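The model shown is predicted, which means the values in this text are computed figures rather than measured ones. In what follows, residues are counted from 1 in the order of the sequence shown.
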Amino acid sequence: MSDVILKSYFGGLGDSLQFSTLPEEFCKQQGRETYIQDGANFRNKEIYDLVWGMNPYVKGVKGGQWNAGDTPEIKVENHTGNWISNWEYLHGLEPKNIRPKIYYEPKKLSEFENVILVDLSSITINHNNTGYGYDLKEVEKTFSELKEKYRDKRFVAVKFKSEISDDINQYVPECNDSIELESIFHYCDLMNSSFGICCFYSGSMVLASAIQRFNKDLKILCITSPSVYNSDRTQKLGIFYFDYVDYIVTK
């Protein structure tokens with residue numbers, strides 16, 4: 001069979017992670033090798049390094065016809081009720097996974113078991129004219145309620161290095177402490193070591209769901225805008241919801 005030439009239309013972390021189980025399943029189910037399309041876009045190099053560079057089922061970078069990922073030919077419909085298994089189904093595979101997958105084994109760091117990481121970053125935060133975003137006054141209110149609910153936990157704000165933070169918008173609420181990420185791998189280590197993470201519907205949420213393969217008790221508290229959330233958790237604005245994420249919808 002032909003090689004799989006994979007890429008995501010967008011270059012974000014969650015955009016790549018949504019396809020992260022495909023190379024292994026193509027290999028095991030169809031005996032096909034997967035390559036990342038030459039010229040594929042990534043918001044920063046670390047996304048490629050984590051999601052594809054460490055994936056043993058990705059054979060490298062290659063030119064050729066884009067035939068896997070969110071290609072124009074694929075009609076995206078909800079067949080499985082889960083975003084990850086749904087992509088497997090849409091690629092002619094038997095659905096096997098409900099979480100994205102990374103092949104980096106995150107470390108356990110001491111003194112983080114009582115910590116909730118706070119990463120309220122997103123490409124789109126304010127509504128502007130898009131209708132898709134967050135009302136920061138409502139986010140502040142929701143975050144304050146979370147701090148009250150988990151008053152026995154230590155809230156630690158995650159801060160990005162400048163070369164990464166230039167690409168995103170980050171809202172940093174009042175926390176007990178802060179920590180600067182050394183790398184995306186350091187972020188994986190922190191998630192694997194913590195009680196939970198408070199985030200928007202963003203790449204951090206998708207990465208946290210992959211980390212749950214290692215830290216099964218990791219609590220994902222996702223502050224979500226009502227503009228993208230349906231009360232029955234069905235698809236809205238192209239978004240699917242994960243059963244293992246706690247969604248807190250703002251007003």
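Stacking of R99 on the aromatic ring of Y244 is recorded, both the 6.0 Å distance cut-off and the 45° axial limit being met. Cation-pi geometry between K59 and Y35 is not satisfied (NZ or CZ under 6.0 Å from the ring centre, within 45° of the ring normal).
The minimum heavy-atom distance linking Q18 with D70 is given by the pair NE2-OD2, 4.5 Å.
Between the CD atom of Q37 and the OG1 atom of T71 there is a distance of 11.0 Å, given to the nearest 0.5 Å. Note that CG of N67 and OG1 of T34 are 8.5 Å apart. Values are rounded to the nearest 0.5 Å. From Q65, atom CD reaches atom CD1 of I5 across 9.0 Å, with rounding to the nearest 0.5 Å. Note that CG of L17 and CD1 of I84 are 7.5 Å apart. Values are rounded to the nearest 0.5 Å. Put simply, NZ on K219 and CZ on F195 are 6.0 Å apart, with the number rounded to the nearest 0.5 Å. In this structure, C199 SG and M205 CE are separated by 7.0 Å, a value rounded to the nearest 0.5 Å.
Using a distance-only test at 3.5 Å, with no hydrogens or angles considered, a donor-acceptor pair links the side chain of N86 to the main chain of H79. A donor-acceptor contact shorter than 3.5 Å is absent between the side chain of S193 and the backbone of M191. Formation of a donor-acceptor pair under 3.5 Å by the N55 side chain with backbone atoms of Y103 is not found in this model. At least one donor-acceptor pair closer than 3.5 Å links the side chain of E46 to the backbone N or O of I184. A donor-acceptor pair is defined here as one N or O able to donate and one able to accept, closer than 3.5 Å; no such pair exists between the side chain of Y187 and the backbone of V158. Distance alone, capped at 3.5 Å, places no donor-acceptor pair between the S16 side chain and the L13 backbone. The backbone N or O of K159 lies less than 3.5 Å from no partner atom in the side chain of E180, so there is not a single donor-acceptor pair. Under a 3.5 Å cut-off, the side chain of H91 and the backbone N or O of A68 do not form any donor-acceptor pair. Checking side-chain atoms of T250 against main-chain N and O of E138 turns up no donor-acceptor pair under 3.5 Å. Using a distance-only test at 3.5 Å, with no hydrogens or angles considered, no donor-acceptor pair links the side chain of D119 to the main chain of I197.
Ion pairing between D177 and R154 holds under the 4.0 Å rule for side-chain N and carboxylate O. E25 and K28 are not joined by a salt bridge, as no carboxylate oxygen comes within less than 4.0 angstrom of a charged side-chain nitrogen. With respect to K147 and E145, no salt bridge is recorded, no charged nitrogen being found less than 4.0 Å from a carboxylate O. Ion pairing between a basic and an acidic side chain is recognised when a charged N comes within 4.0 Å of a carboxylate O; R32 and D3 show no such pairing. Contact check on E88 versus K96 returns no salt bridge, with no Lys/Arg side-chain nitrogen under 4.0 Å from an Asp/Glu carboxylate oxygen.
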message: Run the side-chain contact (heavy atoms from CB on, under 4.5 Å) test on C198 and F143 for me, step by step, so that the C-alpha distance in whole Å, both residues' side-chain angles and the decisive distance to 0.1 Å come before the verdict.
response: CA-CA 9 Å; C198 175; F143 183 70; 4.0 Å; yes

- request: Output, in order, the C-alpha distance, side-chain angles, deciding distance and verdict of ring-ring contact (aromatic ring centres under 6.0 Å, His included) for F242 and W83.
  value: CA-CA 8 Å; F242 297 125; W83 196 230; 8.4 Å; no

- request: Could you check Y9 against W66 for side-chain contact (heavy atoms from CB on, under 4.5 Å), going step by step and ending with a plain yes or no?
  value: CA-CA 10 Å; Y9 186 83; W66 177 26; 4.1 Å; yes

task: Kindly indicate, with the supporting measurements, whether the criterion side chain to side chain donor-acceptor pair (under 3.5 Å) is fulfilled by S85 and N97.
output: CA-CA 5 Å; S85 63; N97 295 275; over 6 Å; no

Using a 3.5 Å cut-off and no angle test, enumerate the donor-acceptor pairs between side-chain atoms of residues 105-113 and protein atoms at least two apart in sequence or in another chain.
{"unit_1": "K107", "atom_1": "NZ", "unit_2": "Y104", "atom_2": "OH", "d": "3.2"}
{"unit_1": "K108", "atom_1": "NZ", "unit_2": "N192", "atom_2": "O", "d": "2.6"}

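With sequence neighbours excluded, no residue forms a salt bridge (charged side-chain N to carboxylate O under 4.0 Å, His left out) with E73. Under the side chain to side chain contact (heavy atoms under 4.5 Å, CB included) criterion, E140 pairs with S144, Y171, P173, not counting sequence neighbours.
Tracing side-chain contacts under 4.5 Å through hydrophobic residues (I, L, V, M, F, W, Y), one reaches V76 starting from Y89; they form part of the same cluster. Put simply, Y48 and L22 are part of the same group of oily side chains (I, L, V, M, F, W, Y) that touch within less than 4.5 Å, one to the next. The same ILVMFWY cluster, assembled from side-chain heavy atoms under 4.5 Å apart, contains both M54 and F26. V245 and F214 fall within the same hydrophobic cluster, where Ile, Leu, Val, Met, Phe, Trp and Tyr residues are linked whenever their side-chain heavy atoms come under 4.5 Å apart, directly or through other members. Placement of I74 and L93 within a single hydrophobic cluster is found when ILVMFWY residues are connected by side-chain heavy-atom separations under 4.5 Å, directly or transitively.
For the residue pair N82 / T80, no side-chain donor-acceptor distance below 3.5 Å is found, with atom types taken as modelled.
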